[in-house]
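Reading through the structure tokens given below for one structure.
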Amino acid sequence: MAVSEFEIIETYFSHTGTPREDVVLGVGDDCALLRTPPGQLLAVSIDTLVEGVHFFAGTDPEALGHKALAVNLSDLAAAGASPAWATLALTLPDNDTAWLKAFSAGFATLAERFGVQLVGGDTTRGPLTITVQVQGFTDPGKVLRRDRARPGDRIGVTGTLGDAALALKLGAGVEPAAGTGGALTERLHRPSPRIEEGRALAGLANAAIDVSDGLLADLGHICSQSGVGALIDISLLPLSGAMAAHIKETGDWSIPLTGGDDYELCFTARPQLTPKIEAEMHRLGSGFCWIGEIGQAPGVRCRGLPGGALKGVAGGYEHFGTP
Ligand code: ADP
Ligand code: MG
């Protein structure tokens, strides 16, 4: 190792993100000391990315730095929380300084965009593994949870579904997806956490989740945890041009229904709040669609799905069924 663990921390991780006034002590001591706003709840989430499991060897380190933070911020978004701090546990096979520079730049750029300060972490040697924990704040009266959906709620989704999984399918593990101008690959490698949308939905939506494992699976979590079911209309699913073209060509709806890594928000809300939510999303310039309704019968059902259209779906989606 040309540079020591101490030098890695000092050079790449000691001034990362936005310096915050609520950080009494950040990187460099035994503990970070942080001031939480009175009356707010602390929202905490952690996620790990393992090379060979969550990303291919050789993935652009700048994109990895972005994604490792983005997937965590997406959890805060789904809770309607405002991001504040992050910690980073990094296990590295070696001390490749070009890799570290690019990784920390990707992490820092996204952290600055959302006013997050990196306040601590751990650096070890081993197979490349990136664990990020984030902390944010939420008003106790405006929390977004998975277990509050009610029959009659409308189901909304931000952005478009399936693009990241389509990028993977088209071979964009490391290189840009063929024939898509790089847009799908951006969706896979640089997901944009829906923080503003989550904050806008807090206090309006009944339930929310970020779509990390695919719409059916994640909406299925809302349903099972709320003791309800869902009926979605596939003609209403928000699709990018590339995704729509792929479905037209193959007749296969499995990617937008079950593909992971979208990091959009799926939420449910009382129908009378429709105009308010639409106005908020319009104010933020966020694409979003209503895709169905919550009902009493358990499970997630799809209306309008042609026979065999889910031919690519692996087993295990026990929440799926056609009425
Ligand atoms: P300790 O041995 O007391 O756990 P470390 O030597 O692991 O301390 O870390 C020294 C300081 O650097 C601590 O403040 C820790 O939070 C911080 N740190 C270590 N690795 C990272 C990292 N990858 N990113 C951010 N901060 C880090
Ligand atoms: Mg340590």
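Each ligand, and each atom within it, is numbered from 1 in the order the structure gives. Keep in mind it's a predicted model, so treat the numbers as computed, not measured. These values consider heavy atoms only, across backbone and side chains, with no hydrogens, waters or symmetry-generated copies.
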| query | Is there a donor-acceptor contact under 3.5 Å linking the side chains of Thr124 and Thr91? | reply | yes
| request: Using distance alone, with no hydrogens and no angle criterion, decide if Thr160 and Ser240 have a side-chain donor and acceptor under 3.5 Å apart. | output: no
| said: As a check for students: among Ala86, Ala89, Gly121, identify the option with a heavy atom nearest to atom 27 (C) of ligand 1. | reply: Gly121
| Whether Ser226 side chain and Val228 backbone form a donor-acceptor pair below 3.5 Å | no
| field | Candidate with minimal heavy-atom separation from atom 11 (C) of ligand 1, of Gly28, Gly26, Gly120 | value | Gly28
| remark: Minimal heavy-atom distance between Leu144 and Ala208, with the atoms involved, is CD1-CB, 4.0 Å
| said: As an exercise, identify every atom of ligand 1 less than 4.0 angstrom from a heavy atom of Asp30. | reply: 3 (O)
| Can you name the residues that form a ring-ring contact (aromatic ring centres under 6.0 Å, His included) with Tyr12, not counting sequence neighbours? | none
| said: If I apply the N/O under 3.5 Å rule, does Ile9 come out as touching ligand 1? | reply: no
| request: Run the numbers for me: atoms of ligand 1, each under 4.0 Å from some heavy atom of Thr123, listed by number. | output: 19 (C), 20 (N), 21 (C), 22 (C), 23 (N)
| Under 3.5 Å, is there a donor-acceptor pair between the Arg190 and Thr109 side chains? | no
| Element-labelled atoms of ligand 1 that are located less than 4.0 Å from some non-hydrogen atom of Glu5 | 6 (O)
| said: Only heavy atoms of Asp29, strictly under 4.0 Å: list the atoms of ligand 1 that pass. | reply: 13 (C), 14 (O)
| message | Can you check which of Val119, Thr131, Leu88 brings a heavy atom nearest to atom 22 (C) of ligand 1? | response | Leu88
